[in-house]
Every structure is written in structure tokens, then in C-alpha cells.
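See structure below.
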Amino acid sequence: MNQNTEADLGETLGELDNGIKFEEEETYTRQSYQGSVTPKAIKWTIKYSGGLVKNEKQANYVLLTFVVLAIAVSSFLFFGGSNGKVEIKAPVGNKVIYSPN
């Protein structure tokens, strides 16, 4: 019975190989990527600079400078503003009650 199964399987596969027809391959044209897409932040910087920023490279430098300044100011306010000591001043005539710690 094992031989019949193999023979039937072989005949079936042979029929499949002979009965398969492939369609011709379609050729797809690749769209070329021409030009670069300018980000909106750069377009906005060029538009609202009042003529100071003339191209994308200058806009990149302006935005990079803005980010560096924003990080520096934020770091100063977060880390260096008070040096760990907070001084509370009460109006004249009022007492300040401090915690035991």
C-alpha cells in the first residue's frame, strides 16, 4: 500500500508540474525620488526670518542654535538656579515657623 501511495503522489505532482502556467512578469517602473522634501520647521524659519535666513542650510543652523540655547536655559533653571538653599523671607512683623529638619 505504501508503494501505491508514493506512485499516486508522484503522478499527482507530475500533473501539477505540467498544469501550472505562469503569467508573464509585469515590469514595474520605480519612481525616482527627485528633490528633497523640506521639513515644515525649516520652511517656517525661512518664511518668518524677515529675509535673514535665505536657504535650508542657514535655517538648519538657526534651528540648531535655538535648540542648544533652549537646553542651556532649561539646564540652568533646573540645576543651577538656587544652589540647594531656599531662603524664605516673611513680611516685617510676621514670624516664620521652620520645620525641625
Side-chain angles (χ1 to χ4, degrees):
M1 182 169 173
N2 193 11
Q3 292 175 350
N4 288 338
T5 307
E6 288 178 9
D8 291 340
L9 183 60
E11 290 174 6
T12 306
L13 289 176
E15 290 173 4
L16 288 176
D17 288 340
N18 293 333
I20 296 176
K21 293 183 181 178
F22 294 100
E23 295 179 9
E24 291 183 26
E25 291 185 23
E26 296 180 22
T27 56
Y28 295 99
T29 56
R30 179 185 274 185
Q31 293 180 350
S32 63
Y33 185 72
Q34 296 179 1
S36 63
V37 178
T38 306
K40 289 184 181 182
I42 292 177
K43 287 181 183 179
W44 186 86
T45 304
I46 293 170
K47 183 177 179 181
Y48 292 107
S49 69
L52 295 174
V53 179
K54 294 176 178 51
N55 57 29
E56 290 183 29
K57 188 175 182 180
Q58 289 178 348
N60 282 328
Y61 286 131
V62 168
L63 291 174
L64 182 63
T65 303
F66 174 74
V67 169
V68 169
L69 287 175
I71 290 172
V73 168
S74 298
S75 298
F76 175 75
L77 293 175
F78 188 72
F79 294 115
S82 66
N83 291 333
K85 295 182 180 181
V86 177
E87 186 176 328
I88 301 173
K89 294 183 180 181
V92 178
N94 293 333
K95 293 182 181 180
V96 176
I97 301 172
Y98 293 101
S99 66
N101 294 335

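Since the structure is predicted, the reported quantities are computational estimates derived from the model, not experimental observations. All values below were derived from every heavy atom in this structure, side-chain atoms included, with hydrogens, water molecules and symmetry-related copies excluded.
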Looking at every heavy atom in both Ala59 and Val53, which two are closest together, and how far apart are they? N-CG1, 3.4 Å
Side-chain heavy atoms under 4.5 angstrom apart, residues restricted to Ile, Leu, Val, Met, Phe, Trp, Tyr: same cluster for Val68 and Ile71? no
So which atom in Ile42 and which in Asn60 form the shortest heavy-atom distance, rounded to 0.1 Å? CD1-OD1, 3.0 Å
Closest heavy-atom contact between Thr38 and Glu56? OG1-OE2, 2.8 Å
Does some side-chain heavy atom of Leu69 sit less than 4.5 Å from a side-chain heavy atom of Thr65? yes
How far does OH of Tyr61 sit from CG of Asn55, to the nearest 0.5 angstrom? 10.0 Å
